[in-house]
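This is a predicted model, so every value here is computed, not measured. First the proteins, then the strands, lettered A, B, ... as listed; each starts at 1.
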There are 2 protein chains.
Amino acid sequence: METRTATTIFESLSSGWRLEAFRLLVRQGPEGMVAGDIASALDISPSSLSFHLKALAHAGLVSVEQEGRFQRYRANIPLMLDLIAYLTEECCSGQPEKCADLRAASCCPEAVLPPIPADDGKP
Amino acid sequence: METRTATTIFESLSSGWRLEAFRLLVRQGPEGMVAGDIASALDISPSSLSFHLKALAHAGLVSVEQEGRFQRYRANIPLMLDLIAYLTEECCSGQPEKCADLRAASCCPEAVLPPIPADDGKP
DNA sequence: TCTTCATTTCAATAGTTGTTGAAGCGTTGT
DNA sequence: ACAACGCTTCAACAACTATTGAAATGAAGA
């Protein structure tokens, strides 16, 4: 992933409204949600929500599909996972022993960082 | 994690300089890096770097320690992992079958999302 | 003590972001 | 055709963010 792509995504998650909207859509899964329902759930004006959804869509974090007179939004979960991979890749330059303590500090680290490769002694 | 905390972190990763600095520190691991070396590595002015490191520190993503006349910065990896957990929690409202296709779309999804609990038929 | 060095702080400036309410656009139902 | 609906776009404005270079701070060595 390019730096530019990642910063655009982070920027899109840097507002409370946008983060809440995205999390709502992640919770909703493939079903997604139409704009009006998101606005009701977050208690935000349609115009303001539209502004924020546009930023999320521009970053690629949500997709839109027209459905009659509604606009249905869905979270782009694969992109979210790519972002996480980008953020965690090359942690401690791939020297797992340096990472061990840091990994242990989180509740379920092995679910998040790439697995520590077993050292089989080969070059 | 509170929304406010998360948006502050995302905001701190929404600039190219800050994201590059943080990734550099993640790669560096517990050893960290002094400000001057970060500035050289990124080819940025000390004053501008200081501004950006301050934002990362304010978000809690990096820590600083004085070392003689140097300032040593280190990535806060546990916080990074907490953020990831916050972002991925409750994906598809915990109904894994809805998530299956989305997980499959990423290169190594089981390393990133919480494991899918086996359905043993119990209530 | 005086100088040098590493880094941060400050002030000025230019550019960007978010909110509001009104207007616009396409879709649906009468 | 018309009105109602759902949503987006627009313009104006206030608030915030980043960059620059100069000045300040504080530690180390002569």
Expressed as a whole number of angstroms, how long is the span from B:Leu53:CG to D:dT17:C1'? 16 Å
Using whole Å, what does the distance between atom P of nucleotide C:dT17 and atom NZ of A:Lys54 come to? 12 Å
Is A:Ser47 side chain donor-acceptor paired with the C:dG21 base, going by distance under 3.5 Å alone? yes
Picking from D:dT19, D:dC7, C:dT9, which would you name as closest to the side chain of A:Val34? D:dC7
Quick one: A:Gln66 CD to D:dC5 C1', roughly how many Å, whole number? 13 Å
Residue A:Trp17, side-chain heavy atoms: nucleotide from C:dT9, D:dT8, C:dT19 that is nearest: C:dT19
A:Val26 and A:Met80: which non-hydrogen atoms are nearest, and at how many Å? CG2-SD, 4.3 Å
Heavy-atom side-chain proximity of B:Met1 to B:Leu79 below 4.5 angstrom: yes
By nearest heavy atom, map A:Ser14 and A:Arg69 onto DNA chain C; which one lands nearer the 5' end? A:Ser14
Compare the minimum distances between each of C:dT7, D:dC7, D:dA27 and the side chain of B:Phe70, then state the nucleotide with the smallest one. C:dT7
Rounded to whole Å, the CD-C1' distance (A:Glu11 to C:dG18) equals 11 Å
Taking CG from B:Leu42 and P from C:dT7, how many angstroms apart are they, rounded to a whole number? 13 Å
Atom-pair distance (CD on B:Glu67; C1' on D:dA27), nearest Å: 13 Å
Restricting to non-hydrogen atoms, name the atom on A:Leu42 and the atom on A:Trp17 that form the minimum distance, rounded to 0.1 Å. O-CZ3, 3.3 Å
Using atom CG of B:Leu19 as one end and atom C1' of D:dA18 as the other, report the distance to the nearest whole Å. 17 Å
Compare all side-chain heavy atoms of B:Asp37 with those of B:Phe70 and state whether any distance is below 4.5 angstrom. no
As a test of reading the structure: which of D:dT19, C:dT7, D:dT17 is closest to the side chain of B:Ser48, going by heavy atoms? D:dT19
Rounded to whole Å, how long is the line connecting atom CD1 of B:Ile44 with atom P of C:dA6? 18 Å
Looking at A:Tyr73, does any N or O in its side chain come under 4.0 Å of the phosphate oxygens OP1/OP2 on D:dT8? yes
Have a look at B:Ile38 and tell me which of B:Ile44, B:Val62, B:Leu49 forms a side-chain contact (heavy atoms from CB on, under 4.5 Å) with it. B:Leu49
Classify the nucleic acid contact of A:Arg18 as base, sugar-phosphate or nothing, counting any heavy atom under 4.0 Å across all strands shown. sugar-phosphate
If the cut-off is 4.0 Å, is A:His52 near the phosphate of C:dT19, judged by side-chain N/O to OP1 or OP2? yes
